[in-house]
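Just so we're on the same page: letters track the sequence lines, and every chain starts at 1. No hydrogens, no waters, no symmetry mates; every other heavy atom, side chains included, goes into these values.
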Number of protein chains: 4
Amino acid sequence: MAKGLNKVMLIGHLGGDPESRNTASGQTVTNFTLATTESFKDATGTWQEKTEWHRIVTWGKLAEICSQYLKKGRQVYVEGRLQTRSWDDQKSGEKKYTTEIVCTDMQMLGSARDQGTGNGGQGGAADTGMSGYDRSPRYTTAPKGTSTGSGDYPQQSSGPMIESEKDDLPF
Amino acid sequence: MAKGLNKVMLIGHLGGDPESRNTASGQTVTNFTLATTESFKDATGTWQEKTEWHRIVTWGKLAEICSQYLKKGRQVYVEGRLQTRSWDDQKSGEKKYTTEIVCTDMQMLGSARDQGTGNGGQGGAADTGMSGYDRSPRYTTAPKGTSTGSGDYPQQSSGPMIESEKDDLPF
Amino acid sequence: MAKGLNKVMLIGHLGGDPESRNTASGQTVTNFTLATTESFKDATGTWQEKTEWHRIVTWGKLAEICSQYLKKGRQVYVEGRLQTRSWDDQKSGEKKYTTEIVCTDMQMLGSARDQGTGNGGQGGAADTGMSGYDRSPRYTTAPKGTSTGSGDYPQQSSGPMIESEKDDLPF
Amino acid sequence: MAKGLNKVMLIGHLGGDPESRNTASGQTVTNFTLATTESFKDATGTWQEKTEWHRIVTWGKLAEICSQYLKKGRQVYVEGRLQTRSWDDQKSGEKKYTTEIVCTDMQMLGSARDQGTGNGGQGGAADTGMSGYDRSPRYTTAPKGTSTGSGDYPQQSSGPMIESEKDDLPF
DNA sequence: TTTT
DNA sequence: TTTT
């Protein structure tokens with residue numbers, strides 16, 4: 001008996017606007033960074049803040065939604081799984097590792113008008129977007145075990161390692 | 001408004017026996033790797049397995065328990081938060097990053113006699129250990145926000161970056 | 001604005017064998033109870049145990065798997081969402097409420113040979129079953145937001161409240 | 001080997017202002033209801049919304065914070081564990097059950113000015129509150145296993161069942 | 001490097 | 001009603 005659980009849940013703010021690209025097979029991939037902040041008392045008893053940065057990658061329909069509605073500063077809930085990729089860094093010749101959260105569920109928190117730098121000054125478009133959001137369901141991609149042979153799942157992980165996509169690396 | 005959620009939950013098997021050390025301040029730090037395995041259908045519709053490896057670090061009392069009771073192959077539940085550390089790699093002169101799960105809750109799954117290579121053939125010691133475990137509570141360290149000025153929390157994160165401990169880096 | 005997160009994650013042991021039935025529409029529904037145990041120090045400083053009982057309901061393919069492989073005493077991980085149903089109790093004429101976990105992901109923990117009363121002494125059938133399990137993926141039903149108009153999702157929640165199914169109420 | 005996991009994570013909006021009381025032992029207890037909303041396609045393919053209501057109970061320091069800062073309509077993240085209590089209903093003579101989430105972590109989401117009916121029209125007080133919040137840590141109570149013999153933990157669960165507090169029942 |  |  002084996003199998004496992006690999007789950008990450010984050011609430012934080014986007015560090016920048018999401019970036020999208022398309023794989024050779026036509027899937028959308030969207031990346032963004034997310035900051036989660038914790039407060040804690042240090043040795044002297046004063047409150048300190050510590051921010052942790054996370055690399056989020058999302059695929060397919062959810063990637064399109066993230067690309068369309070998320071902006072720098074927006075507060076979101078992200079659920080997904082941990083994935084560590086390795087690649088050979090051209091410059092140093094070293095093998096490098098990146099750990100990302102493959103996002104399978106995302107929810108916008110707070111209200112549109114309350115959010116960061118992104119939504120301001122973009123007029124009706126963002127508004128239309130948000131009200132579209134208001135009436136839509138939770139943004140979710142099917143968990144691994146439920147994919148029904150669509151054939152695009154393996155590309156979720158292998159895609160980013162394809163040689164020609166190297167400069168799409170998320171950071 | 002800020003603050004955040006940074007939570008990881010894993011169920012998997014230890015890739016090796018845990019390794020412990022003590023910080024200058026006397027805290028115990030225990031590291032181990034955890035494999036989580038997922039199955040999915042590939043493009044041809046056949047089932048594939050994919051294993052993800054996670055670096056777990058745990059502190060204080062929980063570190064001692066992990067060191068004492070966990071063995072290679074043991075199935076556990078791990079809860080914690082993501083933390084990415086950077087350091088300057090001496091060999092290459094490159095800055096490198098490691099993402100770890102700072103474990104704040106751990107639970108052994110299955111039964112002792114059912115577990116990997118570790119518990120077998122080690123006689124009474126492991127047994128005593130397990131029955132000690134059986135009567136003890138869930139192994140947990142206090143979350144960041146609840147530390148009450150004990151002064152050792154910051155060492156949880158800053159400890160591993162102290163110069164003199166560089167060769168204690170978990171990988 | 002809006003939407004939400006409603007997530008439950010449990011690790012515990014089944015209090016009895018699962019019970020299955022079929023809805024009018026042909027869906028399988030499987031119910032079981034799950035015990036989660038916590039230890040804590042009481043006012044006198046001695047360790048106490050407290051067991052919480054949870055009512056689990058699962059639908060469709062996952063219901064079939066639970067029915068087939070789970071037995072009294074088996075340790076499992078259950079993920080799902082909270083759902084409170086009300087019904088008019090015939091005897092008392094009172095309105096009553098039941099809170100259940102609608103299970104959308106289940107994983108067996110430990111090994112088959114290590115588990116409760118169920119698997120022992122039932123010969124090859126259970127064994128065949130278990131090895132079938134071993135090669136299959138994580139048992140998951142699609143989250144609400146991802147159903148693609150298949151038409152059977154609403155029956156997950158509305159089904160149990162249909163008049164003709166009243167005496168199928170899980171407890 | 002046993003022990004278990006009993007975890008609930010919710011993101012939703014308060015259905016009303018929190019209500020607080022004090023136990024005989026001087027602990028603060030705060031109750032509120034939380035609505036989580038999900039969208040799903042029904043059998044006809046149209047989007048439907050379903051709201052689930054949750055009863056939240058929180059203790060001690062966290063109860064004081066909830067009482068002070070949360071208002072009807074406010075969006076929050078709640079983490080806790082499921083607990084089912086029973087009591088004898090005086091009117092009907094029936095045994096009744098209530099399932100609650102014993103909240104051990106809470107975080108306010110969105111911004112103060114963006115929140116429901118509660119904060120509006122209350123002038124500076126709410127503002128002071130919120131900026132206090134901005135500088136404070138995550139609101140958390142220690143998990144069960146980490147209580148260090150303070151003696152008040154058992155009252156978390158037994159408190160609400162004390163005869164004289166019956167009319168404090170959360171609903 | 002784990003597990004089934 | 002489970003488990004250790």
Side-chain angles (χ1 to χ4, degrees), chain A residues 1-6 84, chain B residues 10-19 31-39 47-56 69-76 78 107-118 127 129-138 170-171, chain C residues 10-19 31-39 47-56 69-78 107-118 127 129-138 171, chain D residues 1-6 84:
Chain A
M1 195 74 18
K3 305 300 94 84
L5 176 72
N6 175 356
T84 299
Chain B
L10 306 172
I11 294 175
H13 292 83
L14 274 82
D17 289 346
E19 294 180 11
N31 293 282
F32 57 91
T33 57
L34 194 70
T36 58
T37 306
E38 291 182 276
S39 301
W47 287 106
Q48 300 280 356
E49 285 209 339
K50 190 187 171 198
T51 292
E52 196 67 40
W53 286 96
H54 310 272
R55 304 173 178 209
I56 315 293
Y69 298 120
L70 300 189
K71 296 288 175 198
K72 177 178 177 177
R74 176 94 215 197
Q75 189 184 33
V76 292
V78 159
Q107 296 197 51
M108 296 184 243
L109 302 174
S111 72
R113 82 197 59 87
D114 179 49
Q115 301 297 334
T117 59
D127 259 78
M130 297 321 297
S131 49
Y133 167 73
D134 286 345
R135 261 154 238 130
S136 54
R138 287 178 60 193
F171 285 84
Chain C
L10 306 172
I11 294 174
H13 292 84
L14 274 82
D17 288 346
E19 295 180 10
N31 293 281
F32 57 90
T33 56
L34 195 70
T36 57
T37 305
E38 292 182 275
S39 302
W47 286 107
Q48 302 279 356
E49 285 209 340
K50 191 188 170 199
T51 292
E52 197 66 40
W53 286 97
H54 310 272
R55 303 174 178 210
I56 315 293
Y69 299 121
L70 300 188
K71 297 289 176 199
K72 178 178 175 177
R74 176 94 214 196
Q75 189 185 32
V76 293
Y77 165 79
V78 160
Q107 296 197 52
M108 297 184 243
L109 302 175
S111 72
R113 83 197 58 87
D114 176 50
Q115 300 297 333
T117 59
D127 260 77
M130 296 323 296
S131 49
Y133 167 73
D134 286 344
R135 261 154 238 128
S136 54
R138 287 180 59 193
F171 283 85
Chain D
M1 196 72 21
K3 306 299 95 80
L5 177 70
N6 175 356
T84 298

Q: Would you check, one step at a time, whether the test side chain to side chain contact (heavy atoms under 4.5 Å, CB included) holds for C:I11 with B:I11?
A: CA-CA 10 Å; C:I11 294 174; B:I11 294 175; 4.0 Å; yes
Q. Can you check side chain to side chain contact (heavy atoms under 4.5 Å, CB included) on A:L5 and B:L10, steps first, answer last?
A. CA-CA 5 Å; A:L5 176 72; B:L10 306 172; 5.8 Å; no
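As rounded to whole Å, 15 Å separates atom P of E:dT2 from atom NE2 of B:H54. Rounded to an integer number of Å, the gap from B:W47 CH2 to E:dT3 P is 23 Å. In this structure, the CG atom of B:L109 is 15 Å from the P atom of E:dT3, given to the nearest Å. Atom CZ in C:R74 sits about 13 Å away from atom C1' in F:dT3, given to the nearest Å. In this entry the distance linking CG of B:L14 with P of E:dT1 reads 15 Å, nearest Å. For the pair C:Q75 CD and F:dT1 P, the computed distance is 21 Å after rounding to whole Å. In this entry the distance linking CE of C:M108 with P of F:dT2 reads 21 Å, nearest Å. Rounding to whole angstrom units, CD1 of residue C:I56 and P of F:dT1 are separated by 18 Å.
Among C:Q48, C:E49, C:K50, the single residue meeting the side chain to side chain contact (heavy atoms under 4.5 Å, CB included) criterion with C:S39 is C:E49.
For C:T33, the listed nucleotide lying nearest its side chain is F:dT1; candidates were E:dT2, F:dT1, E:dT1. Taking every side-chain heavy atom of C:K72 into account, F:dT2 is the closest of E:dT2, F:dT2, E:dT1.
Stacking between C:W53 and F:dT2 is absent: the aromatic ring centre is not both under 5.5 angstrom from the base six-membered ring centre and within 30 degrees in plane angle.
Using a 4.0 Å heavy-atom cutoff across all strands shown, C:T36 reaches no nucleic acid atom at all.
Side-chain polar atoms of C:H54 and C:T36 form a donor-acceptor pair below 3.5 angstrom.
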